[in-house]
Student: 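Structure provided below as structure tokens; questions to follow.
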Amino acid sequence: MDLRHLLFTLALVCANDSLSASDDLLRWPQISKCRSPELETFSCYWTDGNFYNLTAPGRIQLLYMKRNDEDWKECPDYITAGENSCYFNTSYTSIWIPYCVKLANKDEVFDEKCFSVDEIVLPDPPVHLNWTLLNTSQTGIHGDIQVRWDPPPTADVQKGWITLEYELQYKEVNETKWKELEPRISTMVPLYSLKMGRDYEIRVRSRQRTSEKFGEFSEILYVSFSQAGIEFVHCAEEIEFPWFLVVIFGACGLAVTVILILLSKQPRLKMLIFPPVPVPKIKGIDPDLLKKGKLDEVNSILASHDNYKTQLYNDDLWVEFIELDIEDPDEKNRVSDTDRLLSEDHLKSHSCLGAKDDDSGRASCCEPDIPETDFSASDTCDAISDVDQFKKVTEKEEDLLCLDRKDNDESLPSLANTDTQRVLMNTQSENSQLWPPFADSIDSASPSVHTQLSNQNSLANTDFYAQVSDITPAGSVVLSPGQKSKVGRAQCEGCAEQNFTMDNTYFCEADVKKCIAVTSHEEDEPYVQEQSCTEDAYFTTESLTTTGVNFGASTAETPSSEIPVPDYTSIHIVHSPQGLVLNATALPVPDKEFNMSCGYVSADQLNKIMP
Amino acid sequence: SRTKTQSTEQCLLLVVLLVSNMLLTKEGVTSLPICPNGSVNCQVSLGELFDRAVKLSHYIHFLSSEIFNEFDERYAQGRGFITKAVNGCHTSSLTTPEDKEQAQQIHHEDLLNLILGVLRSWNDPLIHLASEVQRIKEAPDTILWKAVEIEEQNKRLLEGMEKIVGRVHPGEIGNDAYSQWEGLPSLQLADEDSRLFAFYNLLHCLRRDSHKIDNYLKLLKCRLIHDSNC
């Protein structure tokens, strides 16, 4: 549609042009301008149009009316200002009085205009332009001149009736564009630095001082130095400022400076101009290690840092942040937490040690090689170094659960010195091989694990959260049901190298015995890491008994479901930061042989037991 | 007795000198006093005062032209104000010279008084202009600023003119003839078109009158200070 409109208008314009060219169209007379040159008289000019040729030739008149008049009067002078003009001399002119003029014949009015004389002032051009040489430069190439002129003769500047300002324009003879100077009141102007070898043209025009419009230009003044007989030097070529060279040299200099700064040994200067981009860093760990995936070495480095230990434990955490998972009774009939946990972990086998795609936003902070886990405490990279320990630790736990996935040579042992209060029940009822780091074939253990789980699913009706099963990195203690035995983490894996002389550790007698037994059986078990039973291990009676039984007999035995679970609900000793010792409430102990209800022995007692 | 006569003669001489001095100074008031009583700037010449006055009047006329042009551009387009602007200004009642001959024939004291009359007549309208123009919807800052500036400069010019008149014609303050301005209600009309036309008219009159005052002052300056040879 727009194109059509455009074409239509083009057609109209063409038609108009052709018609106007052929003089068929009537053009009306118009007042072209009214002008006062000196604020004493004024004249109005109009255009005829083609009126006379077409219609009855009535005489065109210009009528005027002052504000106080009642009637239109005719123009007093049609001649003085030329053809199609009307001249009002001083007697007819009043300044600051509104006039209206109209162009009409007897019948109709063609045009009308209203104004006051002070608004239509357009002075005549200045006269008597001349120039004088002021001085020449030492080289003789440039010179200064002074241009003078007289105000227009009609304007009465001397009496101060009208004030004029002038604008000078000049150019070289063969140029096309005029250079302008600022309007000024004085009638003389210096022009500086004109080239002596060239000729110039100068012209001046004037206007009333507070008006905007200028009058006509004066006659052109020709400035030619050769005619004046002045000595000058011909310059064949002009030397223009070598902008090109300036740019080149400037770029080179800048480049040289930058290179010097880069190469300089001054670190401060370098830092100032090229500040280093911060990368995530862990104290004491070479990022290359992480990149290459050599977690063993990293783990060793992390494990050997004692200071991480102290940072992990705050005094308050144990008391404040004990999370209890209080569930609906209905849910208990369904899958218990442990099972869920275990099954989930099994499902998560693919993403055990790989980098997790965490949406927590911390992925941007850390290198992707470092596997991420749910850290509620660490939202910044700063905390990562501290909680790397936990990461590694929990990774190990999960890894253990991915039994069908990996050999656990590298995975488990780093727990030794980390003192995490994580308590995963590792004891498996049946298989001694379920002590994973010891086990040769963990793969074989996994099916039994599953069977164990399934068995225990049916058995478990109630979840007694009486056992500290995990410690989150935030320091929260996660309690878990007691009788569930968790697959995976073997307590005191490093039984062969246990250091029982450490203080403040409480071991189950059965555990110790077990360790001893283990030591005797499997001495040649390879250990990647030094392990010690410095972890506080909390076992339920049941697990221990089953363990003990298993150890002794090495026969698979399904755990009896009738064995009641002791409720560890009262805090016996708060032994921070290593842990709590929970007292077992009195329970009927079915068998005598289980009377050693996991008495927690101290290290001294342990020494007595140990051979 | 000789000392007595001497002293008497000396006294008499002193008295004669004093009396003659008094008499002489009493009759010697032919020229204008440079510092009439009560004047603060004793050292400013009349020529300097006129220079300042002309500068101020030129500046006021310059501002008036600009504010009128801006107002015309912004509010008057398409409203046909121009054809209606033959209305009189409130200062038309003051008979001022309307061309060069009349201006040359009038006595400079009368002309000065007329100038004072016009300036006083504009005192009130300018104050109201500065305040009412701010009520115009979306008035540009330049218009607002100029209205305030014109009002200030007009006051200063009035003071300067009174000083000049005191110098040129001491003792006569001149008649307090000035024309009252009744146009305030028209600036406060509810109808926007009418109100804008009232502003247009007022600014048109202001431009005209400021040009008049500027011209008269330049004429007077050339006549009095430069002896008609500017």
Side-chain angles (χ1 to χ4, degrees), chain A residues 31 34 36-42 64-70 72 88-102 109 111-121 150-151 154-165 183-187 207-213, chain B residues 50-51 54-55 57-69 72 80-89 91-92 94-104 118 201 204-230:
Chain A
I31 298 173
C34 289
S36 166
E38 76 289 76
L39 207 64
E40 295 169 46
T41 66
F42 73 100
Y64 75 95
M65 186 166 79
K66 278 193 196 174
R67 183 171 40 90
N68 297 329
D69 293 345
E70 291 157 0
W72 291 90
F88 296 82
N89 58 20
T90 54
S91 55
Y92 287 98
T93 313
S94 302
I95 322 294
W96 303 299
I97 306 284
Y99 277 81
C100 280
V101 293
K102 68 176 179 185
V109 176
D111 200 3
E112 191 171 337
K113 241 188 187 176
C114 290
F115 54 86
S116 62
V117 180
D118 52 294
E119 294 164 7
I120 55 168
V121 176
D150 287 337
T154 50
D156 192 356
V157 190
Q158 273 198 346
K159 296 212 182 67
W161 180 243
I162 187 169
T163 331
L164 297 175
E165 61 182 9
R184 59 195 68 208
I185 334 170
S186 66
T187 57
R207 68 172 177 193
Q208 196 191 35
R209 212 160 146 216
T210 43
S211 304
E212 288 175 358
K213 289 186 191 162
Chain B
F50 261 106
D51 272 342
V54 166
K55 274 197 188 122
S57 68
H58 179 79
Y59 184 47
I60 290 169
H61 176 54
F62 171 73
L63 289 176
S64 309
S65 293
E66 295 234 309
I67 196 176
F68 175 77
N69 288 336
D72 185 34
F81 284 168
I82 301 169
T83 50
K84 294 189 243 170
V86 286
N87 290 351
C89 300
T91 48
S92 308
L94 300 169
T95 47
T96 50
E98 284 174 7
D99 58 23
K100 194 175 89 171
E101 285 87 15
Q102 291 180 22
Q104 278 176 322
V118 174
N201 219 23
H204 189 261
C205 288
L206 178 64
R207 187 178 75 161
R208 199 194 73 169
D209 281 351
S210 59
H211 187 250
K212 226 191 242 188
I213 290 167
D214 192 38
N215 248 57
Y216 294 158
L217 275 175
K218 282 170 183 166
L219 198 70
L220 276 178
K221 179 182 155 203
C222 282
R223 197 203 288 184
L224 296 177
I225 311 296
H226 301 278
D227 205 17
S228 296
N229 196 10
C230 278

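Residue numbering restarts at 1 for every chain, and letters A, B, ... go by the order of the sequence lines. Because the structure is predicted, anything quoted here is derived from the model rather than measured.
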Student: What pair of heavy atoms forms the shortest contact from B:R208 to A:P98, and how long is it?
Tutor: NH1-CD, 4.5 Å
Student: Between B:D209 and chain A, which part of the residue has a heavy atom less than 4.5 Å away: side chain, backbone, both or neither?
Tutor: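 Neither part, no heavy atoms under 4.5 Å.
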Student: Measure distances from A:S211 to the heavy atoms of chain B and classify the residue's part below 4.5 Å as side chain, backbone, both or neither.
Tutor: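 Contact with chain B: none, neither part.
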Student: OG1/A:T163 to CG/B:D214 distance, rounded to the nearest 0.5 angstrom?
Tutor: 6.0 Å
Student: Is A:Q208 close to chain B through its backbone or its side chain, or both, or neither, when contacts mean heavy atoms under 4.5 Å?
Tutor: side chain
Student: Might you confirm whether atom CZ of B:F62 has over 12 heavy atoms from other residues, nucleotides or ligands at distances under 6.0 Å?
Tutor: no
Student: Report yes if the side chains of A:E212 and B:S65 come closer than 4.5 Å at any heavy-atom pair, otherwise no.
Tutor: no
Student: Distance check, rounded to the nearest 0.5 Å: B:E66 atom CD versus A:T210 atom OG1?
Tutor: 10.5 Å
Student: What are the two closest non-hydrogen atoms of A:G160 and B:C222, and how far apart are they?
Tutor: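 Reported closest heavy-atom pair: CA-SG, 3.7 Å.
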Student: Just how far is it from atom CD1 of A:I97 to atom OG of B:S92, taken to the nearest 0.5 Å?
Tutor: 7.5 Å
Student: Which region of A:T93, side chain (C-beta onward) or backbone (N, CA, C, O), has a non-hydrogen atom less than 4.5 Å from a non-hydrogen atom of chain B, or is it both or neither?
Tutor: backbone
Student: Got A:I162 and B:K100 here, is their nearest side-chain heavy-atom distance under 4.5 Å?
Tutor: no
Student: Please classify the contact of B:Q102 with chain A as side chain, backbone, both or neither, using a heavy-atom distance under 4.5 Å.
Tutor: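 Neither the backbone nor the side chain of B:Q102 comes within 4.5 Å of chain A.
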Student: What distance separates B:Q104 CD from A:W161 CH2, expressed to the nearest 0.5 Å?
Tutor: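 Rounded to the nearest 0.5 Å, the CD-CH2 separation comes out at 8.5 Å.
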Student: Tell me, do A:V121 and B:H211 make a side-chain contact under 4.5 Å, heavy atoms counted?
Tutor: no
Student: Is any side-chain heavy atom of A:K159 closer than 4.5 Å to a side-chain heavy atom of B:R223?
Tutor: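 The answer is no, as the side chains (C-beta and beyond) never meet within the 4.5 Å cut-off.
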Student: Quick check on A:E119 against chain B: is it the side chain, the backbone, both or neither that has a heavy atom closer than 4.5 Å?
Tutor: side chain
Student: Rounded to the nearest 0.5 Å, what's the gap from CG on A:L39 to CG on B:D99? Could you check?
Tutor: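 Here the rounded value is 9.5 Å.
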Student: When you compare the side chain of A:W96 with that of B:T96, does any pair of heavy atoms fall below 4.5 Å?
Tutor: no
Student: Tell me which of these, B:K221, B:H226, B:K212, has more heavy-atom pairs under 4.5 Å with chain A than the rest.
Tutor: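 Answer, by heavy-atom pair count under 4.5 Å with chain A: B:K212.
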Student: Top residue by heavy-atom pair count (under 4.5 Å) with chain B, among A:I95, A:V117, A:T90?
Tutor: A:I95
Student: State the NE2-OG distance between B:H204 and A:S116, to the nearest 0.5 angstrom.
Tutor: 5.0 Å
